[in-house]
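A short write-up of the structure that comes next.
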Amino acid sequence: MNFFRFPVQLQLLISTVLGPCLGLEFTGSQGQWARYLRWDASTRSDLSFQFKTDVSTALILYFDDGGFCDFLQLMVVEGKLQLQFGIDCAETTVVSDKRVNDSSWHSATLSRYNLRTVLVLDGVSKSGEVRPQRQYMKIVSDLYLGGVPQDIRISVLTLPTVKDLPLFKGIIRELKYNNKEPILLSSQRVRMDIEGICMENPCENGGTCSVVDGEPLCDCSKTEYVGRFCNEGKMVYILQLDKSKLNVIEMHY
Ligand SMILES: *[C@@H]1O[C@H](CO)[C@@H](O)[C@H](O)[C@H]1NC(C)=O
């Protein structure tokens with residue numbers, strides 16, 4: 001049994017050590033989106049990420065309450081970062097002073113605090129506040145990055161116009177909810193791992209690394225090895241080694 005435990009440990013090590021650097025490359029092509037597990041920002045929470053882009057108008061991030069009043073939409077508009085949000089049908093917009101469409105890295109944080117949301121761009125904060133009856137934001141949907149799936153019905157979108165916005169083009173990396181990496185549920189036409197999981201190539205013996213669903217995947221076909229990380233000899237060899245290991249374990253007992 002010991003023999004099989006090793007790769008699992010290695011796998012855990014890789015996801016904890018390399019996980020947070022996951023980068024998503026958006027090409028701006030039709031049908032593009034990434035979908036993360038719902039961000040619970042109803043009263044108080046932070047979301048942060050780094051990005052670079054050269055487009056002057058595009059959707060970065062969107063979520064809502066499933067088609068009623070509440071939503072949050074982050075866009076690049078005329079080269080600047082624009083945050084729009086609504087709570088209980090009261091809406092406001094915050095726009096950064098600085099332009100971000102210069103193809104260099106920027107960091108952004110959205111800090112939700114009850115009726116207020118703060119947009120921090122490269123350390124500079126701007127905040128917006130609404131004054132509705134209800135004191136918290138309702139969030140039902142998952143969080144969409146770079147676009148929303150075209151098959152979502154208009155009736156469940158608080159801002160149906162989100163479907164027609166220009167799609168994000170560039171890279172978004174290190175997306176975090178309260179300093180923790182959220183769960184990527186699915187994505188379409190998004191390339192992963194520009195400088196993330198495969199940078200410190202977990203594939204051994206010349207295996208080729210790619211990222212599938214946020215996990216490293218090794219292609220061992222051009223090597224003499226097999227296994228998740230191309231670190232195991234071909235089948236016949238494994239069985240022999242396995243048997244000898246088991247013998248050793250049995251001898252210990
Ligand atoms: C950024 O966007 C603004 C507004 O659309 C535009 O005037 C400017 O040329 C853009 N900058 C770059 C570097 O493309």
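Indexing begins at 1, ligand by ligand and atom by atom, following the structure's order. Everything numeric in this text was worked out from a predicted model, so none of it was measured.
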Original post:
Below 6.0 angstrom between ring centroids: does that apply to Phe51 and Trp105?
Top reply: no
Original post:
Between Val76, Asn101, Val77, which one has a non-hydrogen atom sitting closest to atom 14 (O) of ligand 1?
Top reply: Asn101
Original post:
With the threshold set at 4.0 Å, does a side-chain nitrogen-carboxylate oxygen contact exist between Lys138 and Asp64?
Top reply: no
Original post:
Protein heavy atom under 4.0 angstrom of atom 7 (O) of ligand 1, is there one?
Top reply: no
Original post:
If you measure from the Lys or Arg side-chain nitrogens to the Asp or Glu carboxylate oxygens, is any gap between Lys169 and Asp54 under 4.0 Å?
Top reply: yes
Original post:
Taking only heavy atoms of Ser56, which atoms of ligand 1 are found under 4.0 Å from at least one of them?
Top reply: 2 (O), 5 (O)
Original post:
Are the side chains of Leu119 and Leu74 in touch, meaning some heavy atoms are under 4.5 Å apart?
Top reply: yes
**OP:** Can you sort out which atoms of ligand 1 are near Arg99, meaning under 4.0 Å from one of its heavy atoms?
**Re:** 3 (C), 4 (C)
Subject >> Side-chain ion pair, Arg134 and Asp88, N-O less than 4.0 Å >> reply: yes
Original post:
Closest non-hydrogen protein atom to atom 4 (C) of ligand 1, residue and atom name please, with distance?
Top reply: Glu78 O, 3.5 Å
